[in-house]
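Step one of this worksheet: look at the structure below.
No hydrogens, no waters, no symmetry mates; every other heavy atom, side chains included, goes into these values. The structure displayed is predicted, hence computed values, not measured ones. Sequence positions, counted from 1, serve as the residue numbers for this chain. Both counts, for ligands and for their atoms, begin at 1 and track the order of listing.
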Amino acid sequence: MSKKLLYAAQMTAFDKDGNINLDGIRALVRYNIDVNKVDGLYVCGSTGEAFMLNTDEKKQVMKTVYDEANGAIDLVAQVGSLNLKEAKELAKFATDLGYPKLSAVTPFYYNFTFEQIKDYYNEILKDVDNKLLIYSIPALTGVALTTDQFAELFENPKIIGIKYTNADFYLLERVRNAFPDKLILSGFDEMLLPALALNVDGCIGSTYNLNAPRVREEMDAFDAGDIDKARQLQNISNDMITDLIANDIYPTLKLVMKHMGVDAGYVKKPMSHPTPEMEAGAKAIYEKYFKN
Ligand SMILES: CC(=O)N[C@@H]([C@@H](O)[C@H](O)[C@H](O)CO)[C@@H](O)CC(=O)C(=O)O
């Protein structure tokens, strides 16, 4: 039976002033390995608030996660950046550290042409001996690649798959069938079950920092053909995700983690620091979905 892969999108702990907190990062990694039993971590992605970090901070996060994981799980370093020089530098840094996989968000903001996007990926990979997942998240980047464009990117043999954070299931079906040997990991946690139905290889997401055991159970139920059970578990997860989003998801993930015994610190401004209402909302989420 094929086991689906479960990756948590690693959070970055910060202090109140927005400085990275390496002890908090280590504690999050330990929880993901020891309690959540994830297959891997996606480091310096959206959940890691990496688009608000400078190069040195990203390197410190990558190094701290790598040291703490100590080879126990798979690691993917998200190196994408509008500054291509930085992306290349991070790709080399993560590869030299020993990261077995890289990922890079599609370049955004300037409405790059597809030729420019292709050149970006090939440049990032040119001088490194590593594999890469395309990070496709059209809702935040405005970049919606087509099946033919994915095919062109896959002409580079170092590009091994997609982190597919997209609600377009027609495209997902087309892409899955066009590239049966590529690694396709679903990125919207609330849409995992329909993505499983389209035969993704697994998932990467922010809420798995809290919810990995329930999601593992869902994926196992799906693999065993127990679709009713998988649907019930997705339903609970989606109630939880709806509550997280309503309470402001990024700070709330960290607040709920604190109830689980892991001090993940603060989010980085301009994200919002917790208000008393947010703290009460996070406590309620913890008690409703996670307290035994
Ligand atoms: C924008 C964003 O944060 N998306 C998350 C999801 O896990 C998302 O938080 C979740 O599905 C709730 O909408 C992931 O796709 C992103 C992610 O894993 C990452 O890059 O860190």
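Nearest residue to atom 19 (C) of ligand 1 from Ser136, Ser46, Gly48 is Ser46 (criterion: closest heavy atom).
Residue Leu244 does not touch ligand 1, judged by heavy-atom distances below 4.0 Å. Heavy atoms of Met191 found under 4.0 angstrom from ligand 1: none, in either backbone or side chain. For Thr165, every heavy-atom contact with ligand 1 shorter than 4.0 Å involves the side chain, none the backbone.
For Tyr208, the heavy-atom gap to ligand 1 stays at 4.0 angstrom or more. Heavy-atom distances between Tyr250 and ligand 1 reach below 4.0 Å in at least one pair. The shell of residues lying under 4.0 angstrom from ligand 1, judged by heavy atoms, excludes Val105. Note on ligand 1: Lys163 sits in its first shell, one or more heavy atoms being nearer than 4.0 Å.
Remark: Lys182 qualifies as a cation-pi partner of Phe154 under the 6.0 Å distance and 45° angle criteria applied to the six-membered ring. For the pair Lys163 and Tyr42, the cation-pi test (distance below 6.0 Å, angle within 45°) is passed.
Note: Tyr208 and Tyr7 fail the aromatic proximity criterion, with ring centroids not under 6.0 Å apart.
Numbered from 1 in the order shown, with element, the atoms of ligand 1 that lie under 4.0 Å from a heavy atom of Ile204 read 18 (O). Every atom of ligand 1 with a heavy atom of Ile137 under 4.0 Å away is listed here by number and element: 1 (C).
Pairs passing the salt bridge (Lys or Arg N to Asp or Glu O under 4.0 Å) check and including a residue from residues 135-145, sequence neighbours excluded, do not occur.
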